[in-house]
Amino acid sequence: MTLSTKILLGMVLGVILGALLNVLSASEGSFAANLAAWLINSVFDVIGKIFIASLKLLVVPLVFVSLVCGASAMGVNARMGQMAAKTLGLYLLTTAIAVTLALAFANIIDPGMGIEMSSASTYEAKPAPSVKEVLINIFPTNPVKAMAEGNMLQIIVFAILMGVAVTHSGEKGQNVLNFFESFNEVVMTMVSFLMHLAPYGVFCLLAKLFSELGISAIADLAKYFFTVVLVLLVHGLVVYMTLFKALTRLSPLTLLKNVRPAMLFAFSTSSSSATIPVTMNVAERRIGIDNSIASFTVPLGATINMDGTAIMQGVATVFIAQAFNIDISLGGYIAVILTATLASVGTAGVPGVGLITLALVLQQVGLPVEGIALIIGVDRLLDMMRTAVNVTGDCMVSTVVARSEGLLDETIFSEVSDRDEYQATEP
Ligand code: ASP
């Protein structure tokens, strides 16, 4: 069995057991309910949390070390600027397409028609930071603080500076680079270890989640829920794959196969950020993207590229407008496209944040932020799916950029899906 299959099996079994435990816990006070509660809180929760912690543990060292190596390799060719511009442009473009698609589908399906508004409780929106603050905040004052806080953009800036300085520091720089290259290999090996444990970790995460998930909320919000799912599928399978084929002339199916482990991790953890180690491993070892590209595009994408999130926000905006009987003008729709694209940049890659930044989009077009309370019930499940799309988008764009820079190893790209690339090098 390949690792992807094992992870998938872990996921399916986790969902089934979780749903079973959900039913068992209903009979309060009984032996079965106590056993279920013990399993959920003392076994699955503990293992699941340790698994996520181990993933997160690798994010900062991996991004920093890998990007120092990547930036120094890029710095030699002085192509960093061009590559960064291409990456940013594609990330923004795909997100704008995603929101537009979401708005179009939502207007055809009308998910909010007939929804009773009075059921909405209150929802407090958090004040958004100003653009000026956001911009200044990209530049770190203290690299240790940036790493301790896991501030990805600040880490990226510091790593690029360091990588470029390494190339300009002659022999001494070379010594530092050698150290970082070895360090990078060691961290990647840690990622491989962790990926082998993934089927068990994922099993526990999903068993815990589904034991508590109220599926009944989906029935009330079926139209909203399935509109989001439909647009996620269309974007992930049609838009990405068409763009990919047009821009690279490579097989989109092979790309999908290669990206699969990252999608599964994203789905199970609902966090693009915690998935970074796996996405990086997939990008370099399965897709064949050179480290100098992947070390930049993957952490950047996990931080600013959230197409799935933008899709949820687009559909949610139309849904809430319809539920409150408020018309959005054409200018309003354009504002939604712009703000949802920016909100996706400002959404951190952790569970549930897309719902918080949705407040920005709603405020922009004068919709009541309390509307968010209407859709909270189904957001956990949608979060898993949209995170999988977010991460697929990061991989797709990274591959396109790598290919255009001549830094994609096509042999790895086309062969790797048949091999188990997670094997750590034998000691
Ligand atoms: N969970 C998403 C991610 O990590 C962000 C969100 O939409 O809430 O990509």
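None of these values were measured; they are calculated from a predicted model. Heavy atoms only: backbone and side chains are in, while hydrogens, waters and symmetry mates are out. Every number for a ligand or one of its atoms is a count from 1 in the order of the listing.
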Using side-chain contact (heavy atoms from CB on, under 4.5 Å) as the criterion, list what pairs up with [X], not counting sequence neighbours.
X      : value
Met263 : Leu256, Val259, Thr392
Ala84  : Phe296
Ile155 : Val60, Val63, Phe64, Ala146, Met147

- Query: Got a salt bridge between Glu185 and Arg285, using NZ or NE/NH1/NH2 to carboxylate O under 4.0 Å?
  - Reply: yes

- Message: Given a heavy-atom cut-off of 4.0 Å, could you list the residues near ligand 1 in chain and number order?
- Response: Ser270, Ser271, Ser272, Met306, Thr309, Ala348, Gly349, Val350, Pro351, Gly352, Val353, Gly354, Asp383, Arg386, Thr387, Asn390

- Heavy-atom neighbours of Lys56 NZ exceed 12 at 6.0 Å: no

- Message: Before you tell me yes or no, could you show the steps for Glu212 and Asn22 under side chain to side chain donor-acceptor pair (under 3.5 Å), namely the whole-Å CA-CA distance, both residues' side-chain angles and the distance that decides it to 0.1 Å?
- Response: CA-CA 6 Å; Glu212 292 167 348; Asn22 195 331; over 6 Å; no

